[in-house]
Amino acid sequence: MGGGQRRTTQNQTTSSASSSCWSHFWSSALRTKPLGSPLEVAVRTNSGDGLVRRLGMFDLILLGVGASIGAGIFVVTGTVAHDAGPGVTISFILAGVSCVLNALCYAELACRFPAVVGGAYLYTYTAFNELTAFLVFAQLMLDYHIGAASIARSLASYVVTILELFPIFKENIPDWIGHGGQKFLGGAISINVLAPVLLVLLTVILCRGVGESAAVNSFMTATKVIIVIIVIFAGAFEVDTSNWTPFAPDGFKPILTGATVVFFAYVGFDAVANSAEESKRPQRDLPIGIIGSLLICIALYIGVCLVITGMLPYYLLGEDAPLANAFTSKGLKFVSILISVGAVAGLTTTLLVGLYVQSRLYLGLGRDGLLPSVFARVHPRCHTPIHSQVWVGIVAAALAGLFNVHILSHILSVGSLTGYSVVAACVVALRLKDKASSQVSSSTWREGVICLLIVACGGFSAGLCYRFSVSIVFLVVAVVVAILAMGALCFRQVYADLPGFSCPGVPIVPAACIFFNMFLFAQIHHEAWVRFVILCIITVGIYAFYGQYHVDPSSEETIIYHRASGEER
């Protein structure tokens, strides 16, 4: 009898402990970060030093352009044109319009939030909850890590290509230095020395201060934009308008498919939002930087598309270096050299901004306690998160130096699409309010979120139907369900009006962003879906065993922003 009672007591104790752990997990996971005033000048952190405000409006625009336009402008335009014909211009316009809608959502939140690091992670933490924000961070960060390593390898290859223009280097540079890499173990290991060296140099520049890194980015971005403009004008004199006929040789579907491909050529404008804490006048300059940089990218891409499809018939364009091939065919070999230089400048800025953004995201999570406090430390003299920056550089250098990360490129873009979709949802969630008051009840908020989830599911279902050529009936049903959910958001909810910049057409514009982003999510490689699920599971595990126990929402410790000399107040 006594043994049975003890076993019952032990079972009850175990059950009680399990219930307590589960309760603590959910209470922690559902925590939110309060939305402060955009005019606040102090943020909670574990360090006594802050970042320095040195980035003006022009710096932010160049930051966005630098992050968005890499070597892809010289390659992806011709690759898609090979299938879509001259209609590739429409592909870039469609993708650009979609990105503008996403940029409007980012611009509203960048203007509405206090000017601190975090971007999509910070917006999600405030609009939804702690765990969702951590998941968004993890998906973005894996994209950034693999992307940085892949870009570093491409940059190393282009640098070697330029060096081989000199006779002393031609055919004398071994593969393990730059081109591809020396493969071992059947290609599982691929040694590349130059890529890590380039990453170390950029990491040193970033550690020295945002002023120095902004100067390098501005110079390199201006260089590549000037080269792109030269390429456009030089090619314009070689255009034969008969090459634009037929404009859509295989109909509209290749153009739409091309839009899903070139969408990722615009990814990068969101980097501006992560520079909020280092912007001089964030509430004014961040929206301009986000949208302005994107519009410049759209104009440059359209110009390159028109030139490349006008110089040669689309079916003669090569897939590896289409723009260089087009100019070579016209006897303009010097332009091909310019394209190589532009590719180096483009990849350098893309890599520089990518490393910059990663360190600021780590800084934000270190401050909140979701990651070790070492990531929250800011150097008192340089005013940069050196520990975060060095960590980011080490991860990228290890991946770029030891592995052929290009084979992982097909699992990228998950983080960008996830981040863009959640940011659009944040705009709606933070605007919701009751019809009878200025506050939002839990039932109203819950109904709005359910409608957003239905829109997302509708977009993903429509994308699957399009990808696998399922009956048009199922595609129409998915679209109709999403439209009905948008209708419920419009007519059953009330939205607050905001001072300053606000996204127009709420909730239609954010809902359309979510629909199209999820449509694109259905087009990416199925291994990317597997990566999404596995990374979510790992992230939840990290949060359960570390994050939930180290977050301190009640911390009162603050820092005061350091203003650059001569900054306007």
Side-chain angles (χ1 to χ4, degrees), residues 32-43 57 60 64 98-129 132-133 136 269-270 272-277 279-295 364 419-449 451-452 455 486-514 517:
T32 60
K33 182 186 285 288
L35 175 59
S37 166
L39 300 179
E40 290 179 357
V41 295
V43 295
M57 180 179 66
L60 295 174
S98 174
C99 284
V100 166
L101 298 182
N102 282 287
L104 291 172
C105 296
Y106 261 97
E108 173 178 316
L109 296 180
C111 183
R112 182 175 184 181
F113 274 70
V116 293
V117 295
Y121 156 77
L122 174 64
Y123 308 150
T124 309
Y125 202 163
T126 302
F128 294 105
N129 56 64
T132 304
V136 168
F269 62 84
D270 53 306
V272 179
N274 288 284
S275 64
E277 198 167 325
S279 170
K280 291 180 181 178
R281 289 163 291 186
Q283 270 59 55
R284 190 203 72 168
D285 292 348
L286 287 177
I288 296 174
I290 292 170
I291 297 174
S293 62
L294 184 56
L295 293 177
Y420 289 177
S421 299
V422 174
V423 165
C426 288
V427 170
V428 177
L430 291 172
R431 289 265 211 116
L432 287 171
K433 67 175 185 177
D434 279 342
K435 296 180 180 179
S437 70
S438 61
Q439 303 297 319
V440 58
S441 66
S442 58
S443 59
T444 300
W445 186 87
R446 194 178 302 113
E447 180 182 330
V449 172
C451 289
L452 291 173
V455 171
M486 290 183 193
L489 286 171
C490 284
F491 300 111
R492 289 183 54 82
Q493 305 290 342
V494 178
Y495 302 91
D497 294 323
L498 301 177
F501 182 88
S502 59
C503 176
V506 173
I508 296 300
V509 168
C513 289
I514 294 171
N517 292 339

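We're numbering straight along the sequence, starting at 1. Heavy-atom basis, side chains included; hydrogens, waters and symmetry copies ignored.
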Practice item. Would you name the heavy atoms of A120 and V423 that are closest together and state the gap between them? Key: CB-CG2, 3.7 Å
**Study point:** N129 side chain to Y125 backbone, donor-acceptor under 3.5 Å
**Key:** no
Exercise for review: Apply side-chain contact (heavy atoms from CB on, under 4.5 Å) to M57 and R284, showing your working.
Suggested key: CA-CA 8 Å; M57 180 179 66; R284 190 203 72 168; 4.1 Å; yes
Practice item. Heavy atoms only: give me the nearest C451-A488 pair and the separation to one decimal. Key: SG-CB, 3.8 Å
Study note, to complete from the structure: Scanning both residues in full, the closest heavy-atom pair of Y495 with L489 reads OH-O, 2.6 Å
**Study point:** Note, V116 side chain near L122 side chain (heavy atom, < 4.5 Å)
**Key:** yes
Exercise for review: Just do the side-chain contact (heavy atoms from CB on, under 4.5 Å) check on I514 and Y420 with the steps written out, would you?
Suggested key: CA-CA 8 Å; I514 294 171; Y420 289 177; over 6 Å; no
Check your understanding: Can you name the closest pair of heavy atoms from F269 and S293 and give their distance?
Key -> CB-OG, 4.1 Å
Check your understanding: Is L104 close to F501 at the side-chain level, that is, under 4.5 Å between some pair of heavy atoms?
Key -> yes
Check your understanding: Looking at A110 and I290, what are the two nearest heavy atoms and their distance?
Key -> CB-CD1, 4.1 Å
Exercise for review: Of all the heavy-atom pairs spanning C426 and F128, show the shortest one and how long it is.
Suggested key: SG-CE1, 3.7 Å
Point to revise | Contact check, side chains of R112 and Q283, non-hydrogen atoms, under 4.5 Å | key: no
